[in-house]
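Take a look at the structure below.
Just so we're on the same page: letters track the sequence lines, and every chain starts at 1.
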Amino acid sequence: MDSFQSQTRKKRLTPNQVRLLETSFNFNNKLDPDRKSQLAVQLGVPPRQVAIWYQNKRAREKNQSLETDYKMLQVRLENTVSHNARLKEEVERLKDELSKVPRFELG
DNA sequence: TTGTGTTTTACGACCTC
DNA sequence: GAGGTCGTAAAACACAA
């Protein structure tokens, strides 16, 4: 492996490293410079890798949140559609009922 | 195995403050 | 300018066939 590869090769963080990052992220999802260096030392990884992990984590959280919102909206849409169908049935029933009422000439 | 789908890592381009 | 998001490539991983 050459030096370029050894520096850029994608290396997975260990479960313990991830746990530490998760804990820190849950406390504050933005990374101030002091926290970044502190985590880098604790984890034994370059500060850049900590920053990138935070960026990716924020993106994952955002995606999950969008997915949750989407599912909620889908449920609301289904409920609205079925409510609309019931209202239409009711309108038809009332129209039918009205058609059976004898008409009176006014005036 | 290996082919394939998913997740994670890393980065460049662009944006905001 | 530093640090953010967004989009994406590619490595790592999971797992059915």
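Of all nucleotides listed (C/dG4, B/dT8, C/dG3), B/dT8 comes nearest to the side chain of A/R60. Among the nucleotides B/dC11, C/dA11, C/dG4, the one closest to any side-chain atom of A/N56 is B/dC11. The A/K36 side chain lies nearest to C/dG3 when the options are C/dG3, C/dT5, C/dA11. For A/K30, counting side-chain heavy atoms from C-beta on, the closest listed nucleotide (C/dT5, B/dA10, C/dG3) is C/dT5.
Salt-bridge check for A/R86 with A/E90: failed, with every basic side-chain N at 4.0 Å or more from each acidic carboxylate O. By the 4.0 Å N-to-carboxylate-O rule, A/D32 lies too far from A/K36 to be salt-bridged with it.
Atom CD of A/E61 is separated from atom P of B/dT8 by 12 Å (rounded to the nearest Å). Separating the NZ atom of A/K10 from the C1' atom of B/dT9 is a distance of 5 Å, rounded to the nearest angstrom. B/dT9 atom P lies 14 Å from atom CZ of A/R58, rounded to whole Å. A/R12 places its CZ atom 17 Å from the P atom of C/dA10, with the value rounded to the nearest Å. Summarising the geometry, the separation between CZ on A/F25 and P on B/dT8 is reported as 13 Å, rounded to the nearest angstrom. Atom pair A/Q64:CD and B/dT6:C1' shows a separation of 14 Å (rounding to whole Å applied). For the pair A/Q17 CD and B/dT8 P, the computed distance is 15 Å after rounding to whole Å. Atom P of nucleotide C/dA2 and atom CD1 of A/I52 are separated by 16 Å, given to the nearest angstrom.
A side-chain donor-acceptor contact under 3.5 Å links A/N16 and A/R19.
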(request) Apply side-chain contact (heavy atoms from CB on, under 4.5 Å) to the pair A/K88 and A/E92, showing each step before the final yes or no. (result) CA-CA 6 Å; A/K88 278 182 176 170; A/E92 288 311 309; 5.8 Å; no
(request) Show your working on side-chain contact (heavy atoms from CB on, under 4.5 Å) between A/Q17 and A/V45 and close with a plain yes or no. (result) CA-CA 10 Å; A/Q17 287 174 316; A/V45 302; 3.7 Å; yes
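Distances shown here put every side-chain N or O of A/R48 at or beyond 4.0 Å from the OP1 or OP2 atom of B/dA10. Regarding contacts with the backbone of C/dC6, a side-chain N or O of A/K62 is found under 4.0 angstrom from either OP1 or OP2. Taking side-chain N and O atoms only, A/Q49 has a distance below 4.0 Å to OP1 or OP2 of B/dA10. For B/dT8, neither phosphate oxygen OP1 nor OP2 lies less than 4.0 angstrom from any side-chain nitrogen or oxygen of A/W53.
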